[in-house]
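Everything below concerns the one structure shown next.
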Amino acid sequence: MKSELSGGWPAVARDLLAALARGELSSVELTERCLAAIDARDGDVRAFLHVDRESALLQAQQADALRARGESPGPLAGVPVAIKDVICEAGQPATCASRMLSNFRPPYDAHVITKLKAAGAVLLGRTNMDEFAMGSSCENSAFQATRNPWDLTRTPGGSSGGSAAAVAAAMVPLSLGSDTGGSIRQPASFCGVVGMKPTYGAVSRYGLIAYASSLDQIGPFATDVEGAARLLEAISGHDPRDSTSVRRDVPAYSRTFDQPLEGLRIGVVREHFGEGLDADVASAVQAALKVYEGLGATLVDVALPHQQSCVAAYYIIASCEASSNLARYDGVHYGHRAESFDGLVDMYSTSRGEAFGDEVKRRIMLGTFALSSGYYEAYYLKALRVRRLIQQDYQRAFEACDVIVSPASPTPAFALGSLIDDPLAMYLMDIYTIGANLAGIPGISLPCGMTSAALPVGLQLLAPAFEEERLLRAARMYERETNWPRVAPCGA
Amino acid sequence: MNATPIIGLEVHVQLLTRTKIFCGCPNRFNPDQPNTQTCPVCLGLPGALPVLNEEAFRLSLRTALALGCRIAPFTKWDRKQYYYPDLPKGYQISQYDLPFSHDGVVEIGGETEGDVPRRLRIRRAHLEEDAGKNLHDESGRGGDSRVDLNRAGTPLLEIVTEPDLGSAADARAFLEDLRLLLTDLEVSDCNMQEGSLRCDANVNVRLALDDGGTATTPIVEIKNLNTFSGVEAAIEHELARQIAEFQRTGRRFGDPGAEKETRGWSAERNETFAQRGKEEASDYRYFPDPDLAPVTVAAEEVARIQERLCEPPGARRRRFAGEHQLSEYDARVIVSQGRQFADYFEAVARACGDAKQAANFVTQDVLRELNARGLGIREFPLTSDVLGGLLARVAQGGITVKSAREIFGELLAAWSARAEAAEDGADVDVGELPGEAAIERIIAERGLAIVNDEGALEAALAAAIADSPRAVEDFRAGKQQAAGAIIGKVMKQVKGADPKRVRELLLKKLA
């Protein structure tokens, strides 16, 4: 499905917005083509859990009508966006890829949905994920395993694998995911797209179904840095309904992202290039560092002394919070309730036993254990202390550099089924990404090469809190110099 | 066997905020329309987040300061985790190890002759959200239980005392004063029927044994006491039960099998009853709620609230007894009517300069009229200035107490007549309250002013004596009551004459 538009189709948000603005393309036409792409490719990719054609086309008509009347159409007017199935949209399913919520439709919009509607976006459908955002492969979905558009035998990563694959397969130009330990950046790297986790508090969590509240953050996927900048700009900003949402003006990322940074100091952590790192990934990242040097950036060695404790601290904190956040799924008010049970306690345990998958149960048990009296100090409190040390590590590192560059994931996309029985190996997939969540800082993954097996490699950049603008500009500097494919061959 | 009760209370108070503690839903008792005052936040829907209602926090600060508590400069919110159908999130947002206030003290008793005041320490007061309400099928047909979440998210202040209370009567006295204080502070309506003031009591007894040793009985928590008389009766019963139980089993606090027990209270049967079997100590897995920011409280804010606190009821009673020389009974009656009423009394007392007279009027006449008319003191048509002015005339000898009562009644009657006329559609101004002018008019019309015109009195007396030879004769023969007829004649002649003065003049004349 080639088109006269550049960069594959329908792929690049800027080109689409320009075509819409010039009247060369209507939103209905664009939405129909996205729907056609889903029809053509999603049988293989399985990125979507739910597509509401009628609603999408209605929104597209409204966007076109608004434009026709000459009214200010909003920064994303008429552009389809796919939504990870963890973000509430009134009247649409929000299953979190769990049997528990298979029949749940929230009666309200998440803050980001309200913002997207105000921006004129067309909400196209709901994307697959690991159940309750717990996982790194989308294989923990109760409904389907999404496949990597570059190689259908491989995983798109997770937990926001559906949103990443939908963009990589050119079924939609933009999508939203959520990132608790790398759940945007790792699938972005596996699928060869741009994915960004904003600073904790930059985007409201109101309406994001919680996995680990102190780590969760919603962020954009796009085929390029500009698309990510535009989508981030649309969803950022203070929301009084989220006490952790920060009161700050949102910079105009879409206007500044293209400005190169003078004298950029890039922090490189030696330990990031050690054992367990795939050779192709390592050489792609090293090559990317050379590109930056060629642009006048200097490389600085920085240390993150507590990096080796990230994964352990993360799995304690995230599991503790998850065990509490998921307590509300008790079969009383909504969600799955067992057909037969004997009394109240049995109703709880049978309903939860039936409706949660193994990984979710594993983390609930881990968190429940770690918060139990007698273990709380040894696990939860200790993990919080480690978290503070990790935050301090990043603060110190950023005294010497402007951004920290590393691989987004130690390996390219792995084969479906290959890690499903080895939770620890799966957890170690997040080794480069988790630190940003624990420290609350922003991170981005963008394509930086291909492995010998023709799989994308992702480059991760981290910046200090609320330096999204710096992050986008630094990412764009690299992107301008390179021309890695923006969509998988199946979507090109 | 000498028994010393050891009693501590946990009191839950629903705060009178406009909206719930973590969302914008109305905070209102509304059992008839279940689940109508709800939103994604208080329903605990996936993705919804709590935001602290600052008004709830302010009311809590005010209460804690009035209880003499120290305010923590830093406080946070914790999740208390347990499963119950009325708890939609599977946890209650509460405060665990860093409550916003702690270490208060209040005084009980010491207001009657020989009664030594007792100190009751307040361990802590913390803020949390109320749960919803489970409604079970009571027909016995085994129908489904239902859940009403209108109450879920109501701001709840939990006040925990130290086990300093030495009697059921003191427990009741504390609660009654607490209710007065909370209503005076306008932080709660303390409507016990509607559950806005609920109490649990922790009770055990220290026994002096015959062999000279002591023994302490296991602690029992009596749950959900929702009347003052229930609190007193339940504790009385429980103390007696524990003593009897000890005599039967010899089981003491800390013995194996003597863990803390939870009991209920049946007012009908007048006894406490075992509520739950022995259970494992529950582990609530408290941890800080990551959805809510900790709260820091500035010293200036504490000072600002402290400055505007009203006087606690006990202190006010003691002051009334001292400063105004009121009886313990009068002080109690006045203060128990609430802060506005006591303020009214003080204003009347100031205006007339005779606190005793003011107390007589407000506790008898004013209270009677309020009750008869179903009014609160704020709606009472006689302002404290007007009543004070009326009573000042008595104090200065301008009118008699009897006249003051007559005028008081007349002012109210006139106001009522106008109100009724207005109800019937007449064009009268009911907003205009009786004032000084009305008092003056009634005094003039009825000649109630005490006449000190000795000339007029002398003349009237002379006429009356001349007119009553028989009475004069009787009086001179020693019949004291015969004077009454003569005085009556003078009084009839000179309206507002002071009967005391007339009698004096008469005695002088006939002496």
Side-chain angles (χ1 to χ4, degrees), chain A residues 86-88 94-96 100-101 104 106-111 132 204-210 212-216 239-245 317 320-321 323-335 344-345 347-349 352 367-376 380-381 384, chain B residues 22-24 35 38-54 76-93 96-97 131-132 134 136 142 144-149 152 279-295:
Chain A
V86 69
I87 297 169
C88 291
T95 69
C96 293
M100 181 56 86
L101 291 177
F104 177 68
Y108 74 103
D109 280 338
H111 186 69
F132 284 105
S204 168
R205 291 184 297 117
Y206 190 80
L208 168 65
I209 298 180
S213 315
S214 74
L215 303 162
D216 294 342
D239 175 9
R241 295 173 300 181
D242 175 0
S243 309
T244 61
S245 157
I317 292 168
C320 285
E321 293 182 12
S323 73
S324 175
N325 285 332
L326 272 62
R328 68 187 63 196
Y329 309 115
D330 57 6
V332 174
H333 300 280
Y334 52 83
L344 182 64
V345 173
M347 182 183 93
Y348 289 145
S349 54
R352 287 166 69 80
T368 305
F369 176 79
L371 287 179
S372 296
S373 97
Y375 299 96
Y376 180 82
Y380 182 71
L381 284 188
L384 286 190
Chain B
F22 295 120
C23 65
N35 296 308
T38 55
C39 72
V41 176
C42 56
L43 291 173
L45 291 188
L49 296 171
V51 175
L52 176 64
N53 177 348
E54 287 176 15
K76 67 182 172 73
W77 308 96
D78 300 287
R79 293 182 180 180
K80 177 182 182 179
Q81 310 194 66
Y82 62 96
Y83 286 94
Y84 208 55
D86 66 9
L87 191 69
K89 297 188 296 296
Y91 58 83
Q92 178 193 28
I93 303 177
Y96 180 51
D97 54 341
N134 291 343
H136 304 295
D144 286 348
S145 293
R146 292 168 191 285
V147 184
D148 177 7
L149 294 178
E279 55 174 326
E280 292 174 56
S282 36
D283 181 355
Y284 291 117
R285 287 175 285 116
Y286 280 101
F287 84 109
D289 191 327
D291 288 331
L292 287 162
V295 181

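Chain naming here is simple, since letters A, B, ... match the order of the sequence lines and numbering starts at 1 in each.
Interface remark: A/Leu344 contributes side-chain atoms only to the contact with chain B (heavy atom separation under 4.5 Å). When heavy atoms are compared at a cutoff of 4.5 Å, A/Ser204 does not approach chain B at all. If you measure heavy-atom distances from B/Tyr91 to chain A, the contacts under 4.5 Å come from the side chain alone. Within the 4.5 angstrom heavy-atom criterion, atoms from both the backbone and the side chain of A/Asn325 approach chain B. Of the two parts of A/Cys96, neither the backbone nor the side chain holds a non-hydrogen atom closer than 4.5 Å to a non-hydrogen atom of chain B. Both the backbone and the side chain of A/Tyr206 come within contact range of chain B, with heavy atoms under 4.5 Å apart.
Ring centroids of A/Tyr375 and A/Phe369 are separated by less than 6.0 Å, placing the two rings close together.
Residues B/Asp97 and B/Lys76 are paired through a salt bridge, judged by an N-O separation under 4.0 Å between the basic side chain and the carboxylate. A salt bridge between B/Asp283 and B/Arg285 is absent, with no side-chain N of the basic residue lying under 4.0 Å from a carboxylate O of the acidic one. A salt bridge between B/Asp291 and B/Arg79 is present, with a side-chain N of the basic residue lying under 4.0 Å from a carboxylate O of the acidic one.
Comparing A/Thr368, A/Asp330, A/Val345, A/Thr244 by heavy-atom pairs within less than 4.5 Å of chain B, the highest count is held by A/Thr368. Interface summary for chain A: among B/Gly44, B/Gly90, B/Ala293, the most heavy-atom pairs under 4.5 angstrom belong to B/Gly44. Between chain B and the residues A/Ser372, A/Gly207, A/Ser324, A/Ser373, the most heavy-atom pairs under 4.5 angstrom are made by A/Ser324.
Judged by the 6.0 Å distance and 45° axis criteria, B/Lys80 is positioned over the aromatic ring of B/Tyr284.
Judged by distance alone, with hydrogens and angles left aside, the side-chain atoms of A/His333 form a donor-acceptor pair with the main-chain N or O of B/Pro85 at under 3.5 Å.
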Test side chain to side chain contact (heavy atoms under 4.5 Å, CB included) applied to A/Val332 and B/Tyr84, step by step: CA-CA 9 Å; A/Val332 174; B/Tyr84 208 55; over 6 Å; no

